[in-house]
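Working notes, structure below.
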Amino acid sequence: MGEMETAPKPGRDVPPKKDKLQTKRKKPRRYWEEETVPTTDGASPGPPCNKKNRELRPQRPKNAHILKKSRISKQPQVPKKPQEWKNPESQRSLSGAGLGSSPLPRSKAKTRSRLEVAEAEEEETSIKAARSELLLAEEPGFLEGEDGEDTAKICQADIVEAVDIASAAKHFDLNLRQFGPYRLNYSRTGRHLAFGGRRGHVAALDWVTKKLMCEINVMEAVRDIRFLHSEALLAVAQNRWLHIYDNQGIELHCIRRCDRVTRLEFLPFHFLLATASETGFLTYLDVSVGKIVAALNVRAGRLDVMSQNPYNAVIHLGHSNGTVSLWSPAMKEPLAKILCHRGGVRAVAVDSTGTYMATSGLDHQLKIFDLRGTYQPLSTRTLPHGAGHLAFSQRGLLVAGMGDVVNIWAGQGKASPPSLEQPYLTHRLSGPVHGLQFCPFEDVLGVGHSGGVTSMLVPGAGEPNFDGLESNPYRSRKQRQEWEVKALLEKVPAELICLDPRALAEVDVISLEQGKKERIERLGYDPEAKAPFQPKPKQKGRSSTASLVKRKRKVMDEEHRDKVRQSLQQQQQQQQQKEAKAKSTGARPSALDRFVR
Amino acid sequence: GDNDGEREHQKLLEAISSLDGKNRRKLAERSEASLKVSEFNVSSEGSGEKLVLADLLEPVKTSSSLATVKKQLNRVKSKKTVELPLNKEEIERARTPLEQEIFNLLHKNKQPVADPLLTPVEKASLQAMSLEEAKMRRAELQRARALQSYYEAKARREKKIKSKKYHKVVKKGKAKKALKEFEQLRKVNPAAALEELEKIEKARMMERMSLKHQNSGKWAKSKAIMAKYDLEARQAMQEQLAKNKELTQKLQVASESEEEEGGTEEKVEELLVPDVVNEVQMNADGPNPWMLRSCTSDTKEAATQEDPEQLPEPEAHEVSESEGEDRPVAEEEILLREFEERRSLRKRSELSQDAEPAGSQETKDSSSQEVLSELRVLSQKLKENDQSRKQKASSEGTIPQVQREEPATEEEEPLLLQRPERVQTLEELEELGKEECFQNKELSRPVLEGQQSERTPNNRPDAPKKKKKEQMIDLQNLLTTQSPSVKSLAVPTIEELEDEEERNQRQMIKEAFAGDDVIRDFLKEKREAVEASKPKDVDLTLPGWGEWGGVGLKPSAKKRRRFLIKAPEGPPRKDKNLPNVIINEKRNIHTAAHQVRVLPYPFTHHWQFERTIQTPIGSTWNTQRAFQKLTTPKVVTKPGHIINPIKAEDVGYRSSSRSDLSVIQRNPKRITTRHKKQLKKSSVD
């Protein structure tokens with residue numbers, strides 16, 4: 001039997017440390033302060049600004065086990081731009097001829113200092129982030145087979161037996177055979193669970209304490225169910241319309257513009273509820289103002305495969321013609337269309353970093369696609385019956401529901417795609433799977449099936465360290481309210497959803513060029529063009545025409561030489577790259593290679 | 001004694017040959033006995049023969065007992081096994097005009113029509129020659145080239161001749177000869193003569209159209225001036241007028257349409273000569289594929305006629321393409337013809353498919369028969385090239401052709417079956433480039449594979465090579481060929497459903513139906529998307545301006561070209577190399593509204609600015625400390641505190657009363673250095 005351990009155990013926590021390692025920085029002199037002798041500057045009494053900042057700092061939650069704010073996991077997501085210092089030449093073509101075309105070493109001192117400052121800041125923040133990683137005390141769970149034992153053979157009962165009582169309590173089965181196959185959804189904090197049966201049964205509960213919040217029958221078929229931004233609101237896709245309930249089971253809204261909804265998806269940072277309908281419309285509903293932001297006609301028939309990319313809030317829809325289309329409310333057409341399967345697409349899931357997409361189709365294949373620009377399948381696997389449901393966990397585990405069996409695959413690390421060679425865990429349920437979701441911040445997988453709802457333990461599935469200010473499973477009502485306000489203030493406009501969320505940090509080059517062109521046209525000359533060299537007049541007969549020409553010539557030649565030098569350097573670099581490539585590709589140079597020309 | 005005599009004879013011959021002085025070679029004859037006679041310095045000097053190692057190794061006397069066995073062995077070796085069934089070239093036959101046109105087009109682009117086992121390139125590689133053959137071939141080619149250049153030089157020289165009389169004579173001679181030939185032909189073969197007559201008629205029409213003999217040329221005008229005084233000039237004028245009359249006479253019989261003549265850009269003089277050759281050449285590389293068909297049909301009919309004198313010419317002229325049209329009986333011509341004959345002979349032996357049955361029948365016959373068989377091969381080739389007409393069973397449709405009829409009908413079915421897939425290939429060719437085309441061919445191959453393997457068992461060894469090549473291309477493509485993955489999982493999770501078999505079947509059917517449809521649709525969609533995103537050209541042509549207007553008239557290509565403003569080529573699409581992806585290239589205006597569109601002051605490049613705003617400063621992405629540090633304001637004000645206005649002293653300016661300071665002010669560098677020194681001193685202290 002393998003050794004195992006489950007993640008976050010409340011109660012064991014390291015008190016948050018304040019980093020005292022910060023070096024003393026020279027404090028800027030404030031104008032209200034009296035002028036002090038520079039030597040005493042360091043010894044001056046505590047700066048008032050510090051005190052003020054401390055007051056301003058948000059209230060730390062009272063719970064003892066809250067970690068200090070830590071967003072380290074998000075750091076690697078921010079893709080560092082490739083160093084563009086190296087080839088200013090390529091940029092020049094973009095920025096037009098009129099711009100000062102000097103490469104970095106000759107750019108203005110001011111610009112250089114700005115860039116240096118930015119770089120220093122970046123480094124500092126990354127160092128700080130790395131340092132605060134110390135505060136991530138919890139470690140992810142894992143499951144290891146004893147020397148070569150297949151982990152897939154370990155059943156739930158064994159796991160439950162091995163773990164502590166608190167964790168064992170997280171495995172449970174709800175036998176609800178009466179109201180048909182269930183869809184389920186965990187709230188963003190992972191504390192609450194809502195599920196809806198096909199025959200109208202809707203319930204929400206705090207699944208950790210097993211406290212039931214509400215249980216109703218909507219007397220209508222329930223297609224899908226989803227929590228809105230907090231556990232207080234619940235969207236239920238019913239047979240005709242979309243309904244919103246609160247946690248008491250009281251119907252708050254009936255949204256008739258979203259009719260015959262089959263799938264729901266909530267985008268937490270944009271407060272958007274995306275609905276895919278039988279009529280082929282993808283509708284975005286802003287739940288903070290109650291407005292429909294966009295209703296897009298997908299033109300691909302019935303929509304019943306949908307998932308969101310948590311990285312860029314793009315909606316992925318699977319179609320019967322084997323394609324997966326990517327949508328944003330800002331565009332009327334799909335951002336991209338990927339042909340994934342020869343048959344129809346049955347399920348789509350995107351991992352939390354937005355790097356990988358898993359799809360399964362009618363051709364019984366399970367594919368993992370790379371979403372970083374190439375959209376090519378990384379691995380493919382034929383499953384005996386094909387997967388009807390897919391889901392990714394926070395740490396990149398992939399679960400597939402095939403009939404009444406659930407298969408889980410794990411990757412090597414957090415940022416690696418799950419390897420489909422060997423399943424990590426398998427489990428058989430009492431009925432065909434109808435809904436799958438990993439519980440956030442818990443090593444728990446919730447499975448809705450025709451026999452009810454099953455919560456099974458999957459060691460290593462959830463992120464062990466949660467962000468107390470962002471999604472805190474232990475938050476009180478007050479904290480939740482405060483968070484709600486802040487989240488609303490930080491709401492991202494819907495039209496900013498695009499494939500590359502970093503696009504906002506880029507300059508709109510097209511408008512820039514246009515503006516420049518117009519300016520040149522308006523002025524009649526290019527104000528940024530480099531003025532031709534004009535030799536200074538000299539005295540004592542040195543300013544003869546011949547010498548002037550000579551001097552001009554000299555400067556021109558110098559410039560020309562510079563250009564040649566640069567191009568030569570570039571050529572050399574290219575050659576080196578080529579050689580490096582050739583070296584890397586060829587395994588070992590054979591003795592006969594010298595004859596190859 | 002005998003040997004000696006031979007040697008003497010050799011010497012004599014050499015002596016005679018060296019008499020002309022060009023290659024006089026002193027014969028080194030050993031006059032005295034060498035000191036060392038060993039195996040290391042054997043020389044064959046004086047004998048005039050080359051020393052061959054094999055001769056040394058051989059026994060002095062060949063044993064006669066083994067000779068018979070050797071002969072037998074050689075015979076066995078030389079004998080080739082008969083391969084059954086014999087190779088037959090697949091004939092594609094096109095019936096409807098549409099098919100013909102399609103085949104025509106395909107042939108233009110050297111597309112394999114019937115999905116042959118071997119591509120043209122592979123065929124060529126198969127037909128690669130041995131070294132000796134290659135050498136022979138090269139020598140021949142060299143010779144031909146040399147001859148050609150001589151011939152060209154001659155033609156050029158002749159062309160340069162300014163004597164009008166000379167040219168007139170030449171022209172007349174040509175015409176006469178043509179007439180003579182025509183007469184001869186009429187006797188021998190009336191049908192061909194009729195053909196020839198038509199040609200002459202055409203030439204006449206051309207002449208008539210050309211307005212050449214209207215007494216309006218320079219020469220005619222000059223003659224008209226002189227005619228009053230000069231009898232000769234008058235006669236010449238009369239002659240021309242007579243000719244004009246003769247030409248402009250209207251004929252009742254309407255011959256072939258004249259557009260054909262207009263389409264081919266041949267000179268009138270050339271057409272004056274009744275020549276089949278010209279037409280053949282036009283077929284080979286004529287510019288207009290649509291004209292081609294009708295022309296070739298004529299020639300083919302002509303070619304199938306039995307006429308040993310007339311027919312060898314096409315081959316002769318295939319080589320000497322660049323030369324003029326006159327047909328001198330020079331020896332070069334003969335040489336060329338000889339060479340060509342030899343070549344075609346070899347070709348025939350290599351082709352082996354059609355020529356073998358014919359050749360086997362006719363090798364014993366006279367040379368004329370041989371030529372005939374060659375001709376047949378040629379005509380068949382022509383047919384393949386042009387792929388236009390249904391083959392007519394001509395009068396001399398001999399046994400091989402009849403034999404070929406049967407397999408042709410057999411082959412028609414797969415050909416028809418193939419067609420939808422060919423369409424797909426073409427589409428994909430547009431879409432995915434060459435390699436995908438290969439890819440698809442593989443898909444379609446299995447359909448025909450069985451038949452082909454039956455037909456050509458000897459071509460099998462080539463198949464694996466081809467496959468390998470295609471697999472290499474496979475890597476780029478991904479969806480059209482599913483990467484075969486392991487079917488069963490290594491886990492005991494396969495659930496048993498009630499009627500698995502049935503479901504499987506249904507699924508399989510579904511998959512089979514889904515497959516190509518999905519891909520084709522996607523490709524179509526992608527093509528449409530690409531087309532839609534391409535910048536459009538602006539056509540400013542106004543029909544009817546500067547030319548005749550009316551219904552059904554199109555502005556000329558030249559005009560259209562002139563008034564077409566080509567849109568600049570956009571940047572390459574992001575999904576150019578991703579066959580399974582369509583990426584929307586439209587600009588997101590909503591996002592663009594939030595982007596920076598004016599570069600802030602110190603930056604000269606947008607990438608510089610982008611670098612400075614690259615790191616996020618929000619608290620979502622940073623630790624609290626980092627966030628605070630990143631967001632500290634540059635100037636912090638305290639409420640209630642009085643802010644005094646800036647004075648000159650604050651910035652560094654001092655009043656001019658202090659002269660020493662002003663000096664310092666003028667030279668800020670010095671002060672800084674001095675300051676630093678002072679500071680250093682103080683710090684040291």
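Here is how names work: the chains are called A, B, and so on, in the same order as the sequence lines, proteins then strands, and each is numbered from 1.
Top candidate by heavy-atom pairs under 4.5 Å with chain A, chosen from G618(B), A592(B), A626(B), P602(B), is P602(B). Counting heavy-atom pairs closer than 4.5 Å to chain B, the top residue among S325(A), S328(A), A336(A), G386(A) is A336(A). When the candidates P334(A), G515(A), A494(A) are compared by the number of heavy-atom contacts under 4.5 Å with chain B, P334(A) comes out ahead. The most heavy-atom pairs under 4.5 Å with chain B, out of G322(A), A330(A), G373(A), come from A330(A).
A 6.0 Å sphere centred on NZ of K647(B) holds no more than 12 heavy atoms belonging to other residues, nucleotides or ligands. Annotation: R587(B), atom CZ; neighbour count of heavy atoms from other residues, nucleotides and ligands within 6.0 Å is above 12. No more than 12 heavy atoms of other residues, nucleotides or ligands sit less than 6.0 Å from atom CD of E123(A).
K108(A) contributes atom NZ, which lies 5.0 Å from atom OH of Y601(B) (distance to the nearest 0.5 angstrom). To the nearest 0.5 Å, the span separating NZ on K486(A) from OG1 on T620(B) amounts to 11.0 Å. A distance of 7.0 Å separates CE of M331(A) from NZ of K586(B), quoted to the nearest 0.5 Å. The line from CD of E525(B) to OG1 of T323(A) is 7.0 Å long, rounded to the nearest 0.5 Å. Once rounded to the nearest 0.5 Å, the distance linking CG of L599(B) with NZ of K516(A) reads 6.5 Å. If you take CG on L326(A) and CG on N584(B), they are separated by 11.0 Å, rounding to the nearest 0.5 Å.
Between S132(A) and T623(B), the shortest heavy-atom distance links the atoms OG-CG2, 3.2 Å. Residues H341(A) and V518(B) approach most closely at O-CG1, 3.8 Å, considering heavy atoms. The two residues L512(A) and H606(B) have their closest heavy-atom pair at CD2-CB, 4.1 Å. Minimum heavy-atom separation, C498(A) to T591(B): SG-CG2, 4.3 Å.
Contacts between K574(B) and chain A at a heavy-atom distance below 4.5 Å are absent for every atom of the residue. Contact of I583(B) with chain A is made through backbone and side chain together, with heavy-atom distances under 4.5 Å. Contacts of L335(A) with chain B are made by backbone atoms alone, with heavy-atom separations under 4.5 Å and no side-chain atom involved. Contact of I510(A) with chain B is made through the side chain alone, with heavy-atom distances under 4.5 Å.
Ion pairing of K337(A) with D575(B) is absent here, as no side-chain N (NZ or NE/NH1/NH2) approaches a carboxylate O to less than 4.0 Å. Ionic pairing of K629(B) and E121(A) is not present here: no N-O contact between side-chain nitrogen and carboxylate oxygen is shorter than 4.0 angstrom.
Counting heavy atoms from C-beta on, the side chains of L630(B) and T125(A) come closer than 4.5 Å. Using a 4.5 Å heavy-atom cutoff, the side chains of K128(A) and N622(B) are not in contact.
The closest donor-acceptor contact from the side chain of D508(A) to the backbone of R597(B) lies at 3.5 Å or more, if one exists at all. No side-chain donor-acceptor contact under 3.5 Å links E506(A) to the backbone of E610(B). Remark: side-chain polar atoms of R342(A) are not paired, donor with acceptor, to backbone N or O of I519(B) under 3.5 angstrom.
No option in F603(B), F609(B), W607(B) other than F609(B) meets the side chain to side chain contact (heavy atoms under 4.5 Å, CB included) test with V507(A).
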key: Trace of the side chain to side chain donor-acceptor pair (under 3.5 Å) decision for E495(A) with N588(B)   = CA-CA 9 Å; E495(A) 68 261 21; N588(B) 188 351; over 6 Å; no
